[in-house]
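Below: the structure, in structure tokens.
Residue indices begin at 1 and follow the sequence shown. Atoms within a ligand are numbered from 1 in the order they appear, just like the ligands themselves.
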Amino acid sequence: MNKAESERLSARFEALGYKPAESVGTADLIVLNSCVVRQSAEERVVNKLHDLRRLIREKPGVMLALTGCLVDSDVARLQKKFPHVHHFFKAGDPPPWLEKTEELLLPPRPSPSVYLTISQGCDNFCSYCIVPYRRGREKSRPFAEIVCEAQALARRGAKEIVLLGQNVDSFGHDLAGKPDLADLLTELNGIEGLARLRFLTNHPKDMSHKLIKAIAGLEKVCEQINLPVQAGSDGILGAMRRGYTVDQYRRLVADIRREIPAVAISTDIIVGFPGETAEQFRETVDLLSALKFATVHVAVYSPRPGTVAARELADDVPSGVKKARLGEIERLQENIQAADNARLVGYTEEVLVEGSKGGKWYGRTRTGKLVFFSRDRDRLGQLVDVKIEKASAWSLQGIVNTTGNNQEEK
Ligand code: SAM
Ligand code: SF4
């Protein structure tokens with residue numbers, strides 16, 4: 001979400017004549033887009049703000065602005081804490097020193113894969129999460145506006161659109177006629193020039209069978225689903241106020257895999273939630289071993305100000321235990337991914353080329369796997385068949401398959 005909002009801000013500034021600076025030291029305008037979802041993220045932003053104090057003192061003409069979730073309603077407190085910051089504005093708001101111009105719909109340098117926000121905020125209030133407090137209640141963008149923006153993005157050369165929302169499954173519940181994500185995907189699937197659609201994040205308590213059917217049936221919708229489980233223990237899920245049990249989650253995954261056999265499901269895990277026992281953590285490990293996710297984003301719990309967990313539950317899992325649990329999940333997942341990727345060697349995958357790095361093109365498969373292959377001619381934004389020759393836990397390497405032959409069954 002932050003990345004999408006940063007792209008949008010860059011577009012605004014570039015439309016006004018700004019150009020991207022080579023480095024912070026040569027910039028006339030610095031906008032820090034902050035994330036405070038975890039304490040470590042917040043500390044990074046605060047350290048960065050302190051680092052910038054000297055630069056602002058030495059170069060008085062430089063303007064510094066802070067946006068993102070660090071900006072709460074108490075701007076006076078922030079101004080006192082960071083007096084060298086010239087402007088504060090909330091996540092998703094326009095920069096306050098610019099005149100309220102027409103919202104810019106397009107990034108100036110269209111890239112093959114672009115983000116499109118379909119809803120803001122969240123109504124779920126998971127006990128650990130600061131998002132509803134900093135980004136407000138859930139609000140869907142109007143259906144027609146999203147379709148219009150997607151059409152414009154495709155006309156400008158976007159090949160893939162990634163729809164964003166904290167809970168994409170409840171998209172539309174607040175709109176007239178209550179269209180849902182399946183309806184939106186069906187509409188976007190018809191846009192000419194667009195090759196792929198993705199979306200995140202799904203909430204296990206809200207993901208409908210209608211949506212699963214739509215993903216299975218719409219050819220542009222990629223076989224990739226981000227479905228955060230957060231923990232493998234019912235006790236912890238209850239304390240997190242997630243609204244589902246482990247068994248319900250397992251059945252949902254089984255349902256998805258039955259309808260979409262090629263699907264890659266990724267998940268998020270928090271370790272060291274208040275009261276998490278060794279047995280409860282074991283249940284999480286067992287769930288990950290059994291379900292074998294394509295990717296796991298694992299984080300150590302940190303209390304966030306204002307949340308129910310921070311107010312009511314002691315952060316009682318020692319830091320060393322949290323780190324050990326994080327490490328165990330990371331090692332387990334690395335093995336799962338290495339095996340999952342190794343099985344692709346010898347097969348051909350369709351890759352959307354997103355850029356080049358170190359003399360190679362890179363892009364992603366429909367399931368979201370990162371693929372590198374030799375840079376021959378210009379292929380940016382193209383769908384290329386790549387024969388996979390090597391695999392690691394994190395990426396795949398291959399060569400362009402010119403034979404068009406991928407007979408073998410995966
Ligand atoms: N809406 C999504 C969901 O329901 O899972 C995810 C949104 S949250 C902004 C992104 C991830 O940050 C979460 O999945 C969770 O794993 C992690 N997270 C949120 N609050 C956290 C906290 N207090 N400590 C550690 N990780 C946290
Ligand atoms: Fe946070 Fe996601 Fe829960 Fe919303 S659904 S409160 S964004 S973790």
Side-chain angles (χ1 to χ4, degrees), residues 1-5 33-44 68-70 91-92 115 117-140 162-171 173-174 181 199-207 225-233 236-244 248-249 252-253 265-276 281 284 287-288 293 295-317 319 321-323 325-326 329-330 333:
M1 196 65 93
N2 279 44
K3 210 171 157 200
E5 284 162 3
N33 191 358
S34 57
C35 171
V36 297
V37 74
R38 290 187 275 274
Q39 200 175 332
S40 54
E42 178 163 353
E43 282 164 6
R44 264 203 309 277
C69 289
L70 187 60
Y115 293 117
T117 301
I118 62 168
S119 62
Q120 288 281 358
C122 185
D123 285 349
N124 284 320
F125 291 91
C126 300
S127 66
Y128 53 82
C129 185
I130 198 170
V131 168
Y133 303 92
R134 295 295 166 94
R135 285 183 173 270
R137 304 303 293 260
E138 188 177 294
K139 193 166 184 305
S140 306
V162 185
L163 306 176
L164 294 181
Q166 292 299 342
N167 180 0
V168 288
D169 298 295
S170 57
F171 166 78
H173 73 92
D174 52 341
L181 181 61
F199 50 89
L200 67 155
T201 299
N202 291 91
H203 198 301
K205 77 173 166 52
D206 294 325
M207 194 170 181
I225 295 175
N226 196 34
L227 194 65
V229 64
Q230 308 295 359
S233 138
I236 296 293
L237 286 178
M240 286 177 162
R241 303 191 177 183
R242 288 289 290 177
Y244 52 86
Q248 283 168 333
Y249 185 87
L252 177 59
V253 168
I265 305 177
S266 58
T267 203
D268 292 10
I269 295 285
I270 297 176
V271 294
F273 187 80
E276 186 188 59
F281 172 66
T284 299
L287 185 74
L288 297 183
F293 293 98
T295 320
V296 174
H297 306 106
V298 53
V300 157
Y301 170 77
S302 54
R304 305 312 294 134
T307 60
V308 171
R311 278 202 312 270
E312 297 179 1
L313 305 171
D315 181 17
D316 55 0
V317 179
S319 152
V321 174
K322 283 180 179 168
K323 282 195 189 127
R325 289 179 184 175
L326 179 91
I329 289 184
E330 283 176 342
Q333 186 57 25

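Note on ring orientation: taking the six-membered ring where Trp is involved, the planes of Y244 and H203 are perpendicular (angle over 60°, cut-offs 30° and 60°).
For atom 10 (C) of ligand 1, the closest non-hydrogen atom on the protein side is D268 OD2, 4.0 Å. Given atom 7 (S) of ligand 2, the protein heavy atom at minimum distance is Q166 OE1, 3.4 Å. Ranking protein heavy atoms by distance to atom 5 (S) of ligand 2, first place goes to N124 ND2, 3.4 Å. Closest protein heavy atom to atom 6 (S) of ligand 2: C126 N, 3.4 Å. What sits closest to atom 12 (O) of ligand 1 on the protein, heavy atoms only, is R38 NH1, 3.3 Å. Considering only non-hydrogen protein atoms, atom 20 (N) of ligand 1 sits nearest to Y128 CD1, 3.3 Å. Considering only non-hydrogen protein atoms, atom 27 (C) of ligand 1 sits nearest to I270 CD1, 3.7 Å. Distance from atom 21 (C) of ligand 1 to its nearest protein heavy atom, with residue and atom name: V37 O, 3.6 Å.
For ligand 2 and H203, the ligand atoms under 4.0 Å from any heavy atom of the residue are 5 (S). The contact set between ligand 2 and Y128, taken as ligand atoms under 4.0 Å from a residue heavy atom, comprises 8 (S). The contact set between ligand 1 and R304, taken as ligand atoms under 4.0 Å from a residue heavy atom, comprises 23 (N). Residue-ligand proximity, P228 to ligand 1, at heavy-atom distances under 4.0 Å covers atoms 3 (C), 5 (O). Of all the atoms in ligand 2, the ones that sit under 4.0 Å from a non-hydrogen atom of C122 are 4 (Fe), 5 (S), 6 (S), 7 (S). Atoms of ligand 2 found under 4.0 Å from any heavy atom of P132, numbered from 1 in the order shown, are 6 (S). The ligand atoms of ligand 2 that sit less than 4.0 angstrom from a heavy atom of F125 are 6 (S).
Note that OG of S127 is 8.5 Å distant from CD of E312, once rounded to the nearest 0.5 Å. Rounded to the nearest 0.5 Å, atoms CG (L287) and OG (S233) are 10.5 Å apart. The CD1 atom of I269 sits 12.0 Å away from the CD atom of E330 when rounded to the nearest 0.5 Å. Here the NE2-CG distance, from H297 to N226, works out to 6.0 Å after rounding to the nearest 0.5 Å. Rounding to the nearest 0.5 Å places CD of Q333 at 8.5 Å from CZ of F293.
Taking 2.8 Å as the threshold, C129 counts as a candidate ligand of atom 1 (Fe) of ligand 2, since one of its N, O or S atoms lies below it.
In terms of heavy atoms, A91 sits closest to E5 at CB-OE1, 4.1 Å. Closest heavy-atom contact between Y249 and L227: OH-O, 2.6 Å. Summarising the geometry of V168 relative to L200, their closest heavy-atom pair is CG1-O, 3.3 Å, with the distance given to 0.1 Å. Here the closest non-hydrogen pair linking A314 and P274 is O-CB, 3.2 Å.
Electrostatic pairing of K322 and E276 does not count as a salt bridge here, judged by no charged N lying under 4.0 Å from a carboxylate O. Ion pairing between a basic and an acidic side chain is recognised when a charged N comes within 4.0 Å of a carboxylate O; R134 and E42 show no such pairing.
For H203, no nitrogen or oxygen atom sits less than 3.5 Å from a nitrogen or oxygen atom of ligand 1, counting backbone and side chain alike. Taking any N or O of Q166, backbone or side chain, at least one lies under 3.5 Å from an N or O belonging to ligand 1. Considering backbone and side-chain atoms alike, Q230 places an N or O below 3.5 Å from some N or O of ligand 1.
For the pair R137 and F125, the minimum side-chain heavy-atom distance is below 4.5 Å.
At a 4.0 Å heavy-atom cut-off, ligand 1 touches V131 through the side chain alone. With a heavy-atom cut-off of 4.0 Å, V300 touches ligand 1 through its backbone alone. Residue-level proximity to ligand 1 for R242 is carried by the side chain, the only part with a heavy atom below 4.0 angstrom.
The backbone N or O of E138 lies less than 3.5 Å from a partner atom in the side chain of D123, making a donor-acceptor pair.
For the ligand labelled ligand 2, residue Q230 lies outside the 4.0 Å heavy-atom shell.
For atom 22 (C) of ligand 1, the nearest non-hydrogen atom from the set A309, A299, S302, A310 belongs to S302.
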